[in-house]
Amino acid sequence: MKTLMLGNEAVARGLYEEGCSFVSSYPGTPSTEITECAAKYEEMYAEWAPNEKVALEAAFGASLAGKRSFCAMKHVGLNVAADPLFTISYTGVNAGLLIGVADDAGMHSSQNEQDSRHYAQAAKIPMLEPSDSAEALSFTKLAYELSEGFDTAVLIKMCTRVSHSQSVVETGERILPEQKKYEKNPGKYIMMPGNAKKRHPEIEARTKALTAWAEAAEINRIEEGSDKSYGIITSSTSYQYVKEACGDTYSVLKLGMIWPMPEQKIRDFAASVDKLVVVEELDGFIETHCKNLGLSVSGKDMFSNVGELSQNLVKEKLGGTVQAGASLDENIPARPPVMCAGCPHRSIFYVLKKMELTVLGDIGCYTLGAVPPLGAIDTTVCMGASVSGLHGFVKAGDEEYAGRTVAVIGDSTFIHSGVTGLINIAYNESDATVIILDNSITGMTGHQQNPTTGYNLKGDPCTKIDLESLCRAVGIRRVRVVDPYDMAVCQAAIEEELSAKEPSVIISRRPCALLKYVKHPGPICSDSEKCKGCKACMNIGCPAISMENGKAKIDSTLCVGCGVCKQLCKFDALG
């Protein structure tokens with residue numbers, strides 16, 4: 001049956017059809033929907049893991065037990081999973097093991113723009129790179145054949161444009177392979193130095209075998225063009241830009257396996273054209289491979305390694321005619337991201353800014369606390385870095401920052417990698433205050449459950465991690481819970497914990513305002529007669545508040561009645 005599917009949805013369908021039985025992931029845009037879609041198939045067990053390292057290790061365990069398995073993550077999540085990734089390359093697999101990684105060229109929802117193709121080369125693991133939903137499905141199925149045929153995990157590299165765009169796929173039936181029997185094999189699976197030394201030559205031989213496979217693989221195909229002045233090597237979404245910009249004018253070598261790449265096929269293709277050009281997003285990965293083959297090639301001298309490409313950019317660089325886009329009669333105002341109306345994090349950041357504290361931030365929707373008018377965050381690095389960084393900052397800081405610095409981290413992020421930083425704080429005894437912003441969900445990626453919510457991926461009740469008990473268990477004696485909607489209480493709690501000469505944790509607990517089960521009192525009203533136009537209420541950056549004719553106005557369609565703005569108004573104009 002033919003149907004429209006998102007790229008992520010198509011990967012999940014490929015998992016289903018090819019008999020995958022175990023899926024473990026950590027949500028991360030643009031990869032999240034793969035696991036959410038996989039969970040809809042009852043034949044596959046699916047879960048959210050605390051972080052990407054745990055997810056990959058769990059998927060490896062399922063492979064070891066003889067079931068085809070999968071885990072998904074975004075590009076920065078692969079950093080977290082890098083430790084098991086490199087060693088799993090040495091051990092190989094039992095049943096097929098696939099790793100989905102989604103890059104984010106253009107940084108639509110990410111803190112960096114790294115190119116995950118380098119991981120495939122460094123870890124010596126094959127990587128397939130689909131360019132649309134149909135390939136996302138078929139490449140996923142092919143990847144299991146490669147995984148079991150070459151005794152290796154296989155990376156499936158997605159990107160924002162492929163993950164979140166729809167195209168036609170043809171679905172098939174599920175074929176469940178016979179479960180592979182687990183057999184003890186210490187030399188293969190126990191990676192102590194003596195065994196690992198013996199495995200390494202086998203991995204190098206595997207790479208040579210995969211390179212030979214890539215030479216004749218149908219997913220690495222040449223599309224002949226009428227004009228031989230250019231020959232274009234490309235992959236993924238860049239292939240779509242090339243085809244839309246150039247049609248069948250130039251010959252194209254479309255690489256579906258991005259590592260290892262063929263060698264003779266590329267040499268033969270280069271010999272068939274006047275000029276070889278590589279069109280790829282981010283780093284010159286394919287270009288470097290071509291240069292290592294001794295070929296004269298253009299790539300990053302024509303296309304930037306920063307941001308996304310486009311059809312018009314490809315046209316421009318290849319000498320085509322770029323059509324000007326239609327312009328609107330009116331300028332559309334910019335819409336910078338802001339925390340939602342009623343967001344429980346907003347008041348905490350207002351208090352932190354009011355207190356003029358140094359705030360080490362983390363990854364989550366609360367990162368928007370860095371955006372004006374709040375502007376309360378000083379740093380954002382990676383998952384968990386706020387807590388670990390706070391310890392170093394406090395230990396190394398001078399008197400100017402003593403008792404004036406905190407870390408903020410979400411509940412899901414704290415479980416992901418913040419708790420280890422808190423253990424370090426307790427163990428090495430820094431007078432650090434950590435604020436856990438507990439909104440009872442993984443908010444930024446679209447309301448996924450996590451170990452603190454009491455529900456699993458399918459929404460079934462499960463073990464709920466008690467944050468207060470966890471913090472005390474790792475050695476923090478001072479642990480308290482506050483309601484972020486009560487700003488006076490929050491400020492008093494922060495002042496008290498900062499003055500304590502020992503580590504402390506403040507849990508700011510109130511569910512995300514967008515959760516369906518959360519009941520709100522309803523919008524508050526603004527009294528234009530009482531309003532003095534002082535704009536104090538505007539300092540919290542709530543999208544439900546605006547100024548009209550010099551008076552505060554509440555948008556009743558956005559306001560949830562949290563009452564935070566009322567605490568700022570000295571004239572009782574909000575109520």
Side-chain angles (χ1 to χ4, degrees), residues 6 8-9 11-29 31-74 77 80-81 95 97-100 174 176 179 344 364-365 383 410-419 436-470 473 481 507 509-519:
L6 290 171
N8 283 346
E9 186 182 5
V11 171
R13 182 69 191 188
L15 297 174
Y16 168 77
E17 291 183 10
E18 202 62 16
C20 176
S21 296
F22 182 94
V23 179
S24 182
S25 305
Y26 184 81
T29 305
S31 72
T32 307
E33 297 86 1
I34 300 175
T35 303
E36 291 177 328
C37 291
K40 296 177 181 178
Y41 297 102
E42 293 298 327
E43 297 90 337
M44 292 191 292
Y45 170 81
E47 66 179 24
W48 290 128
N51 63 36
E52 297 86 356
K53 179 179 185 290
V54 172
L56 178 52
E57 291 161 349
F60 172 73
S63 163
L64 192 65
K67 292 290 186 74
R68 288 183 170 179
S69 63
F70 173 81
C71 70
M73 59 203 71
K74 67 185 296 176
V80 180
L97 169 59
L98 307 190
I99 305 162
R174 177 173 170 85
L176 185 64
Q179 181 167 348
C365 49
M383 300 281 277
D411 51 325
S412 180
T413 311
F414 179 73
I415 293 295
H416 178 283
S417 50
V419 65
I436 301 176
L437 304 174
D438 182 6
N439 65 351
S440 305
I441 205 72
T442 307
M444 181 175 65
T445 49
H447 287 178
Q448 290 77 31
Q449 304 295 338
N450 68 65
T452 72
T453 66
Y455 297 92
N456 63 20
L457 171 56
K458 292 182 179 291
D460 299 325
C462 66
T463 300
K464 179 178 181 178
I465 304 300
D466 184 288
L467 285 175
E468 297 98 298
S469 298
L470 177 59
V481 179
I507 301 173
R509 177 170 290 145
R510 184 172 278 270
C512 171
L514 298 185
L515 288 171
K516 293 179 180 179
Y517 68 80
V518 175
K519 304 299 181 184

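When reading the values below, keep in mind they use all heavy atoms of this one structure, side chains included, and skip hydrogens, waters and symmetry mates.
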Which heavy atom of [X] sits nearest to which heavy atom of [Y], and what is that distance?
X    : Y    : value
V518 : C512 : CG2-O, 3.5 Å
F70  : L15  : CD2-CD1, 3.5 Å
Y16  : E43  : CE1-OE1, 3.4 Å
P50  : I415 : CB-CG2, 4.0 Å
V23  : A38  : CG2-CB, 4.3 Å
A49  : S24  : CB-OG, 3.5 Å

### Query
So which of D411, N439, D438 actually passes side-chain hydrogen bond (donor to acceptor under 3.5 Å, both in side chains) with R509?
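Only one of D411, N439, D438 forms a side-chain hydrogen bond (donor to acceptor under 3.5 Å, both in side chains) with R509, namely D438.
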
Got a donor-acceptor contact below 3.5 angstrom from the [X] side chain to the [Y] backbone?
X    : Y    : value
S417 : M383 : yes
K458 : A39  : yes
Q179 : A65  : yes
S21  : M44  : no

Taking the side chain as C-beta and beyond, is there a heavy-atom pair between [X] and [Y] under 4.5 Å?
X    : Y    : answer
S412 : W48  : no
H447 : L515 : yes
M73  : V80  : no
F414 : T452 : no
Y41  : C20  : no
Y26  : Q448 : no

### Query
Crowded around K40 NZ? As in, over 12 foreign heavy atoms under 6.0 Å?
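At most 12 heavy atoms, drawn from other residues, nucleotides or ligands, come within 6.0 Å of this atom.
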
### Query
With a cut-off of 6.0 Å (strictly less than), are more than 12 heavy atoms of other residues, nucleotides or ligands near OH of Y455?
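Result for OH/Y455: open.
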
### Message
Test side chain to side chain donor-acceptor pair (under 3.5 Å) on T442 and N450; report intermediate values, then the result.
### Response
CA-CA 7 Å; T442 307; N450 68 65; 3.2 Å; yes

Just how far is it from atom [atom1] of [X] to atom [atom2] of [Y], taken to the nearest 0.5 Å?
X    : Y    : atom1 : atom2 : answer
L56  : L97  : CG    : CG    : 6.5 Å
N8   : E36  : CG    : CD    : 9.5 Å
I465 : L467 : CD1   : CG    : 8.5 Å

### Task
Name all residues meeting the ring pair (Phe, Tyr, Trp, His ring centres under 6.0 Å) criterion together with F60; count only those two or more places apart in sequence or in a different chain, and write none if there are none.
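For F60 there are no ring pair (Phe, Tyr, Trp, His ring centres under 6.0 Å) partners, ignoring immediate neighbours.
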
#### Entry: Carboxylate-amine/guanidinium contact R68 E18, below 4.0 Å
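Between E18 and R68 there is a salt bridge, with a charged N closer than 4.0 Å to a carboxylate O.
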
### Message
Please determine whether a side-chain nitrogen of the Lys or Arg among K53 and E57 lies less than 4.0 Å from a carboxylate oxygen of the Asp or Glu.
### Response
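Yes.
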
